[in-house]
There are 2 protein chains.
Amino acid sequence: MLQAREDAIVASVNRLLAEKGFDLMTVDEVVADVGIAKASLYKHFTSKEELAAAAMVKVLERSLDEHARLEAIGGAAVQKLKAMVRWTLQVQMAGEMPSLPAQNSSLRAALGNHPVYMDRLLRLSDELGGWITDAQSDGSVRSSLPPELVLYTLFARACDPVLGLLKLGGQYSDEQIIDLLLTTCFDGLAAGAS
Amino acid sequence: MLQAREDAIVASVNRLLAEKGFDLMTVDEVVADVGIAKASLYKHFTSKEELAAAAMVKVLERSLDEHARLEAIGGAAVQKLKAMVRWTLQVQMAGEMPSLPAQNSSLRAALGNHPVYMDRLLRLSDELGGWITDAQSDGSVRSSLPPELVLYTLFARACDPVLGLLKLGGQYSDEQIIDLLLTTCFDGLAAGAS
DNA sequence: GTCTATAAAGCGATAGAC
DNA sequence: GTCTATCGCTTTATAGAC
């Protein structure tokens with residue numbers, strides 16, 4: 001009962017974060033969506049930042065699950081990285097990727113002091129970091145790029161605004177858009193080797 | 001006098017938009033930064049959205065100036081595109097690139113109904129579109145990519161979060177970061193041809 | 001733990017004197 | 001056109017009854 005209610009809250013928060021972002025999402029909207037009173041929500045989560053953190057933990061754990069699934073299947077490191085980015089883009093395409101403005105200071109502070117969030121974030125970073133160094137070792141990802149840069153670039157696909165712009169244009173299917181974004185991410189805009 | 005004051009207002013808005021974004025920027029901060037009363041500001045600009053639009057028009061006109069400068073110098077289309085992205089990244093690096101959350105509906109509506117903003121945006125899109133088709137014709141940019149996608153991808157460099165993350169790390173100089181981002185944008189993460 | 005009702009603060013925007 | 005003072009509204013968060 002209790003856990004199910006919290007899950008329902010987090011699901012609503014996740015959707016609203018994806019739709020409007022942290023600043024424009026209001027707690028009143030969340031409770032209206034879940035169908036409970038605001039005071040009840042504050043018995044489960046102590047602040048709006050705590051709500052966002054719970055949604056982020058959830059999506060990070062979904063990402064860790066997908067990572068484990070791909071690791072079990074096996075294959076070349078670069079192919080696993082591409083599959084991970086594809087999964088991320090699919091989540092964003094489905095409107096299920098919570099977007100946190102990187103600029104909000106109160107939220108950044110709250111996330112930085114959130115042990116569970118930081119644990120999941122660091123674990124995912126470590127796991128992907130392993131694939132990145134593997135892919136650089138076998139020559140499929142540029143060795144001249146700092147692994148840090150590669151990791152950030154992959155993470156940034158979760159909030160790539162180009163996806164939304166292409167979707168708005170309406171000229172391409174969801175899968176076509178994802179393929180195009182994967183191409184620009186891994187192969188770049190330029191043709192051939194430069 | 002009057003024009004100088006409006007310029008001062010727009011300059012403050014531009015800096016605050018780059019620093020905090022539209023939602024977190026308050027009109028009180030703007031007037032405190034400029035050193036005038038809030039009612040005075042509202043004699044010049046009728047709303048907060050109007051303020052943001054003025055800052056966006058300003059930066060679009062700076063972009064058009066840079067485009068004209070590069071066009072006058074000449075060179076290969078893809079090199080001009082790279083130079084334009086480099087300029088964009090330098091502006092962002094200097095903390096002078098206003099960032100507008102793509103999700104804010106009131107702001108999007110205000111910008112869409114702002115004739116001057118739309119004119120500058122479409123003019124810049126047209127100019128860059130010309131370079132893009134040129135670069136695709138001479139084989140330096142992938143012809144398989146829709147020009148629309150290339151344009152959006154270039155525009156998105158203005159708010160690429162990877163720049164801020166790398167800068168935060170403190171391991172690379174500003175110029176190194178810009179070079180790295182140009183590489184990932186045009187050449188991709190993968191090595192060689194895939 | 002759930003609710004209604006409200007506190008406390010911040011926001012965009014305006015009134016009205018000068 | 002500038003200012004001080006304030007309106008009217010929204011927001012996060014809490015008090016207190018049940």
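Each chain gets a letter, A, B and so on, in the order its sequence line appears, and its residues count up from 1.
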[atom1] of [X] versus [atom2] of [N]: gap in Å, rounded?
X	N	atom1	atom2	value
B:Leu107	C:dG12	CG	C1'	14 Å
B:Leu41	C:dC11	CG	P	15 Å
B:Phe45	C:dG12	CZ	P	16 Å

- prompt: Between D:dC3, C:dG1, D:dG1, which nucleotide gets closest to the side-chain atoms of B:Ala37?
  reply: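 Taking heavy atoms from C-beta onward, the closest nucleotide is D:dC3.
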- request: Tell me which residues in residues 48-59 of chain B put a heavy atom below 4.0 Å from DNA chain D, sorted by number, or none.
  value: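 Result for residues 48-59 of chain B: none.
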message: Any base atoms under 4.0 Å from B:Thr26, or only sugar-phosphate, or nothing? Heavy atoms, all strands.
response: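 Here B:Thr26 touches the backbone only, sparing every base.
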message: Check this one for me: any side-chain N or O of A:Arg5 less than 4.0 Å away from OP1 or OP2 of C:dT2?
response: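 Checking A:Arg5 against C:dT2: at least one side-chain N or O falls below 4.0 Å of OP1 or OP2.
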message: Strictly below 4.0 Å: does A:Ser40 bring a side-chain N or O up to OP1 or OP2 of C:dG1?
response: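 It does not, given that no N or O in the side chain of A:Ser40 lies less than 4.0 Å from OP1 or OP2 of C:dG1.
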Test your reading of the model: is there a side-chain donor-acceptor pair from [X] to the backbone of [Y], 3.5 Å cut-off?
X	Y	answer
A:Ser143	A:Gln136	yes
A:Gln92	A:Asp160	yes
A:Arg157	A:Thr153	yes

Stepwise side-chain contact (heavy atoms from CB on, under 4.5 Å) check, A:Arg69 with A:Asp65: CA-CA 6 Å; A:Arg69 196 183 70 85; A:Asp65 289 346; over 6 Å; no
- prompt: If you find the nucleotide of DNA chain D closest to B:Ala39 and the one closest to A:Ser47, which residue's nucleotide is nearer the 5' end?
  reply: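 Going by which nucleotide is closer to the 5' end, it is B:Ala39.
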